[in-house]
Amino acid sequence: MKPPNVVLGLCSFTHDSSAALLVDGHLVGFVEEERLVERKHTKEFPQRAVEWLLAEAGLTAGEVTAVGYNFRPGDYLAELPRALAMAADPVRRDRVVARAAGFAKVAARTRHRLREIGQRFPAARVVAVKHHRAHQLAAFTASGWSESAVLVVDSLGERQTTTIAHARNAEQPRLRQVQAVDDPASLGYVYGAVTEHLGWRRGDEEGTVMALAALGDPARFRSLFAQAVPLTDTGFAVDPALFPVRVLTSGWSRTSPAFRQATCTPRRDREPIEQVHQDLAAALQERTEQVMLHLAHRAKELTGSRRLCLGGGVATNCVAVGRIIDSGLFEEVFVPPAPGDAGTALGAAAAVHTRVDTAHPLTGIHGACYLGPSYGEQDIDQALAAHPLLDGKALEEGDLARFLAERLAAGMVIGVFRGRVEAGPRALGNRSILASPLLPNVVERLNKVVKFREPFRPFAPMVTAERAEEFFSLGQQAPFMSMAARATQAARTLVPAVVHANGTARLQTVTADQNPFIHALLEAFAEITGVPVLINTSLNIKGKPMCGTPQMALNCLTESGLDALLLEDRWVVR
């Protein structure tokens, strides 16, 4: 019997380490390393993720036939001649030369990483996959579509920051890239630079800036951002006078003195948030939406497609995604559960599989989001043994959804840890903190004593797909909480707690097929309250990753203001 084609996909050594495994084209699983080691955005080799995937498939490292890695070192070197040519500009010479040296260092470092991976999997062929191709395949294969445009927007993948492709047949994908925007014109870089300028962590807290934007007036800095990120016939550019050419291997400033003079001095963490900060965030967000909509128009023109897949870190900007949907440009817009770099592990695996195995189509990817480990009774017992002050009572056979709905309706804030870990940055019901949106001051309580985060940050709703249109105007399903939808009058009246200051909510629509337990919970809550909507936020506190293990979930219970935790079938209270 012919041995299976075993392809491991890796995102590692940069940030958001993760791994995915395909066996004869079927997706065994995907998981981010941070969920297993409790280190947010870890860049370490995803050892635990790989160990779990191989154990799940009943395989060893020696049986891996190919490894796909999500960066290609040669493409960094292709940037050097252009970078050095820019050194003729005396104003920018020092930074540009340093930048060229940085590209060379990253290329050498990536080659070293590929050799290290090869040593871990001695029987495997290690394949370097172009970063944006990994993003494109991660987005398109998850859609399950026969054809679509694919728009990827991030900070930097080798030399590319934005790409448009035309894709066909998600199970045996064929992609044709039709346009690219190269570094240093990067929308992700600009958003991250302003996030840092406003006092939050670049690469982690851009969502905080997006939330803050709803409180500001974009008019104050509108002309500045029009200058900073001008639209072009092929996409956009970035003005280096405001956002200087960055150096890949240094800590040089990401905003210029001219930018700081035109806006404000950089805010430090924990300093008061002033109106100027809100207005700056608002102008940044407005320009981001304008650029994304412009790119979506370009994708439509170049591909003629009626559907659009989005990928890359900027695709996590749910308000911009909502703007594209509202434009009516496309009949449907799709964002995969893990659009950022973590998801490129799956895309890299898909790229390698389609190159080496044409006999087996890709399966198990379409619509899948619960792709990580689950835990059995023995694992739960071991975790509880380490917390003797917690009472972990096994619930009797019965309607768990009704049990939970009654307690949520009574005002409890409850963590839920059930089944397999979600893929991507959004909690989708298996690693969630749930609360009733009907509670007075529920947002203030969640931010202050449960999540320990900024008071202006909103909370997302989950709603049954059957009744979503009563509360939100989106026009399509949103299974992965990746799109902001306008709230209806019913939502503003009945559940204002989930409506942000800009009149939108980042919703998750839930079907019985996608998550039977959460769907049943929403229906039970609706029977009690008349409203099929719950607040859903990730099972973690600020600065920590979503809880991927029972131990992490119990730590979250003891370190936060949660009232209780449903740990599989255990009802855990202090």
Side-chain angles (χ1 to χ4, degrees), residues 1-12 18-32 46 49-70 72 117 120-121 123-148 150 165-176 309 311 334 336-339 342-373 420-424 480 513-514:
M1 179 184 247
K2 184 179 177 181
N5 183 38
V6 181
V7 179
L8 180 68
L10 295 176
C11 171
S12 183
S18 63
L21 187 67
L22 297 171
V23 177
D24 284 338
H26 182 74
L27 180 62
V28 173
F30 161 87
V31 66
E32 290 126 297
V50 171
E51 290 173 353
W52 171 75
L53 287 165
L54 292 175
E56 188 77 359
L59 299 168
T60 65
E63 293 174 281
V64 175
T65 54
V67 178
Y69 182 62
N70 65 333
R72 200 161 69 178
I117 291 169
R120 292 175 180 268
F121 305 97
R125 175 189 176 194
V126 181
V127 181
V129 177
K130 199 174 187 69
H131 188 69
H132 270 235
R133 181 169 178 79
H135 270 307
Q136 291 161 357
L137 283 166
F140 181 61
T141 57
S143 74
W145 290 342
S146 60
E147 177 272 340
S148 83
V150 184
H166 194 199
R168 297 184 183 277
N169 191 354
E171 291 187 350
Q172 294 178 312
R174 300 189 306 277
L175 277 78
R176 179 175 61 90
C309 290
F334 178 81
T344 59
L346 199 159
V352 174
H353 172 80
T354 54
R355 185 184 304 182
V356 302
D357 185 353
T358 58
H360 296 97
L362 293 168
T363 58
I365 303 175
H366 171 214
C369 62
Y370 305 108
L371 296 170
R420 296 182 69 164
V421 179
E422 293 96 329
F480 307 134
D513 288 338
Q514 175 195 357

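The first residue in the sequence is number 1, and the count goes up from there.
- Counting heavy atoms from C-beta outward, Val67 and Arg120 have side chains that stay 4.5 Å or more apart.
- For the pair Val129/Thr344, no side-chain contact is recorded, criterion being any heavy-atom separation below 4.5 Å from C-beta on.
- With Gln172 contributing its side chain and Thr354 its backbone, the two residues share no donor-acceptor pair below 3.5 Å.
- His353 places no side-chain N or O within donor-acceptor distance of the main-chain N or O of Asn5, the cut-off being under 3.5 Å.
- Counting heavy atoms from C-beta outward, Val50 and Leu10 have side chains that approach closer than 4.5 Å.
- Side chain of Arg420 to backbone of Gly372: a donor-acceptor contact under 3.5 angstrom is found.
- Listed here is the closest heavy atom pair of Ala66 and Val352: CB-CG1, 3.7 Å.
- For the atom pair CG (Asn70) and NZ (Lys130), the distance works out to 13.0 Å, reported to the nearest 0.5 Å.
- Contact record, Pro337 with Ala368: CG-O, 3.6 Å, taken as the closest heavy-atom pair.
- Here the closest heavy-atom approach between residue Arg125 and residue Val356 is recorded as NH1-CG1, 3.7 Å.
- Rounding to the nearest 0.5 angstrom, the gap separating the CG atom in Leu346 from the CD1 atom in Ile365 is 5.0 Å.
- Gly364 approaches Leu27 most closely through the heavy-atom pair O-CD2, 3.7 Å.
- The side chain to side chain contact (heavy atoms under 4.5 Å, CB included) check on Pro373 picks up Val31, Leu36, Trp52, Tyr375, Val421, with sequence neighbours excluded.
- By the 4.5 Å heavy-atom criterion applied to side chains, Cys309 and Trp145 are counted as neighbours.
- With contacts defined as side-chain heavy-atom distances shorter than 4.5 Å, the pair Val23/Leu59 qualifies.
- Not a single donor-acceptor pair under 3.5 Å links the side chain of Tyr370 to the backbone N or O of Gln514.
- Between Leu362 and Ala170, the shortest heavy-atom distance links the atoms CD1-O, 4.0 Å.
- Using a 4.5 Å cut-off on side-chain heavy atoms (C-beta onward), Ser18 and Cys11 make contact.
- Here the CZ-CZ distance, from Arg168 to Arg176, works out to 8.0 Å after rounding to the nearest 0.5 Å.
- When all heavy atoms of Leu371 and Ala423 are compared, the closest pair comes out as CD1-CB, 4.2 Å.
- Between the side chain of Thr65 and the backbone N or O of Val6, at least one donor-acceptor pair lies under 3.5 Å.
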